[in-house]
There are 2 protein chains.
Amino acid sequence: MNSESLQFKNYIESKGLLFTPERQCVAEEVFASHNHMDAEELLKHLKSKGSKASRATVYRTLDLLVESGLVKKIDLGEGRLVYEHTAGHPHHDHLVCLKCGSVQEFEEPLIEQLQEWACEKANFKPTGHSLNIYGYCRGCTTGKR
Amino acid sequence: MNSESLQFKNYIESKGLLFTPERQCVAEEVFASHNHMDAEELLKHLKSKGSKASRATVYRTLDLLVESGLVKKIDLGEGRLVYEHTAGHPHHDHLVCLKCGSVQEFEEPLIEQLQEWACEKANFKPTGHSLNIYGYCRGCTTGKR
DNA sequence: ATAGCTGCAAAGGCTTTGCATGTTC
DNA sequence: GAACATGCAAAGCCTTTGCAGCTAT
């Protein structure tokens with residue numbers, strides 16, 4: 001079991017819940033993936049690996065993973081909700097390709113700073129944000145439509 | 001008929017379509033509102049004013065308004081899709097209150113510039129973006145929970 | 001025994017679509 | 001009368017929930 005799964009196990013058990021095989025499967029699949037996956041893709045992957053975790057369990061476990069802080073739920077807009085593990089990921093935002101659907105990450109600390117200022121000016125106490133840039137990725141730009 | 005409705009009429013007719021009373025009602029309601037409204041609220045307002053426009057027509061007309069460029073569809077995250085008219089609105093982003101649900105706008109041109117740079121670095125050709133900051137608005141901060 | 005899990009299927013919430021009817025040119 | 005609009009209700013999509021049965025302690 002990798003370190004993230006172990007942390008999740010600890011989190012689960014610290015709440016007096018059970019670290020079941022289904023929960024472990026879902027967690028490991030999320031931690032193993034280096035893409036942004038939505039719940040349905042995750043379910044499909046699990047099925048193809050022979051896991052019997054149901055859709056309901058996938059959704060319920062994803063909620064637990066988000067609660068634990070080990071996974072973030074990202075709203076990419078256009079109805080796309082995806083999950084990414086947080087370990088080793090500094091804060092970042094997303095570049096969403098409108099042609100192939102791929103998602104890249106980017107970091108721009110100064111943007112964060114400017115957001116803080118904007119909030120101060122507006123007397124708004126921020127707790128989080130979501131920044132998505134839509135357009136065409138490098139691969140799709142060459143044969144751009 | 002106000003200037004925006006007139007522009008919409010021109011757009012509609014330039015496409016060989018009809019500027020029907022239903023379309024006019026929906027458009028005028030959107031242009032008259034200074035809030036961010038979702039389709040359902042819009043429909044409710046229209047009903048309360050005696051308009052007979054149906055839900056389907058509301059959705060279909062909103063699509064036309066967005067196509068025309070006179071209205072923007074904003075994804076506030078968390079499943080909230082709202083519309084705002086563009087006339088006289090410079091580009092801006094949104095502050096979404098997690099307690100009362102209110103939406104404020106803010107402008108920070110430098111953020112736009114930094115986004116451009118981030119895209120250049122990533123070889124990404126941007127066509128648009130969505131930036132939402134979540135937190136608590138001034139009113140909700142005083143009696144904050 | 002008791003509390004916690006799971007899968008299934010049904011229910012939700014919002015948006016889109018098919019179709020029959022009505023309108024416009 | 002050909003193309004376009006409308007309302008209604010049904011269908012879609014994705015996510016959540018209720019419930020009966022199962023598992024772990």
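Here is how names work: the chains are called A, B, and so on, in the same order as the sequence lines, proteins then strands, and each is numbered from 1.
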Please report the interatomic distance OG(B/S130) to NE2(B/H94), rounded to the nearest 0.5 Å. 9.0 Å
What are the two closest heavy atoms between B/Y83 and B/V66, and how far apart are they? CE2-CG2, 4.0 Å
Identify the heavy atoms of A/H129 and B/Y134 that sit nearest to each other, and give their distance. CA-CD1, 4.1 Å
So does B/K125 pair up with B/E120, basic N to acidic O under 4.0 Å? no
Ignoring hydrogens and angles, tell me if any N or O in the side chain of A/T86 forms a donor-acceptor pair with the backbone of A/K72 under 3.5 Å. no
Set of residues satisfying side-chain contact (heavy atoms from CB on, under 4.5 Å) with respect to B/N2, sequence neighbours excluded: B/E4, B/S5, B/F31
Span of DNA chain D, from the first to the last nucleotide whose atoms fall under 4.0 Å of chain B heavy atoms: D/dA5 to D/dC8
Are B/L64 and B/Y59 in one and the same hydrophobic cluster, where Ile, Leu, Val, Met, Phe, Trp and Tyr link if side-chain heavy atoms are under 4.5 Å apart? no
Could you check which residues of residues 62-77 of chain A get a heavy atom under 4.0 Å from DNA chain D? Sort them by number, please. none
Rounded to whole Å, please give me the gap between CD in A/E13 and C1' in C/dA3. 16 Å
Give the residues of residues 41-61 of chain A touching DNA chain D, defined as any heavy atom closer than 4.0 Å, sorted by residue number. A/R55, A/A56, A/Y59, A/R60
So B/H36 and B/H85, ring-ring contact (aromatic ring centres under 6.0 Å, His included) or not? Walk me through it. CA-CA 9 Å; B/H36 302 79; B/H85 43 187; 9.1 Å; no
Any Lys/Arg nitrogen of B/K49 or B/E29 sitting under 4.0 Å from an Asp/Glu carboxylate oxygen of the other? yes
Does any residue of residues 17-26 of chain B have a heavy atom under 4.0 Å from DNA chain D, and if so, which ones, in number order? B/L17, B/L18, B/T20, B/E22, B/R23
Distance-minimising heavy-atom pair for B/N132 and B/D75: ND2-O, 3.0 Å
Could you tell me whether B/E40 and B/K44 have a side-chain N and a carboxylate O separated by less than 4.0 Å? no
Joining Ile, Leu, Val, Met, Phe, Trp and Tyr whenever any side-chain heavy atoms lie under 4.5 Å apart, the cluster holding B/I111 also takes in A/L95, A/F106, A/L110, A/I111, A/L114, A/W117, A/F124, A/L131, A/I133, B/L95, B/F106, B/L110, B/L114, B/W117, B/F124, B/L131, B/I133
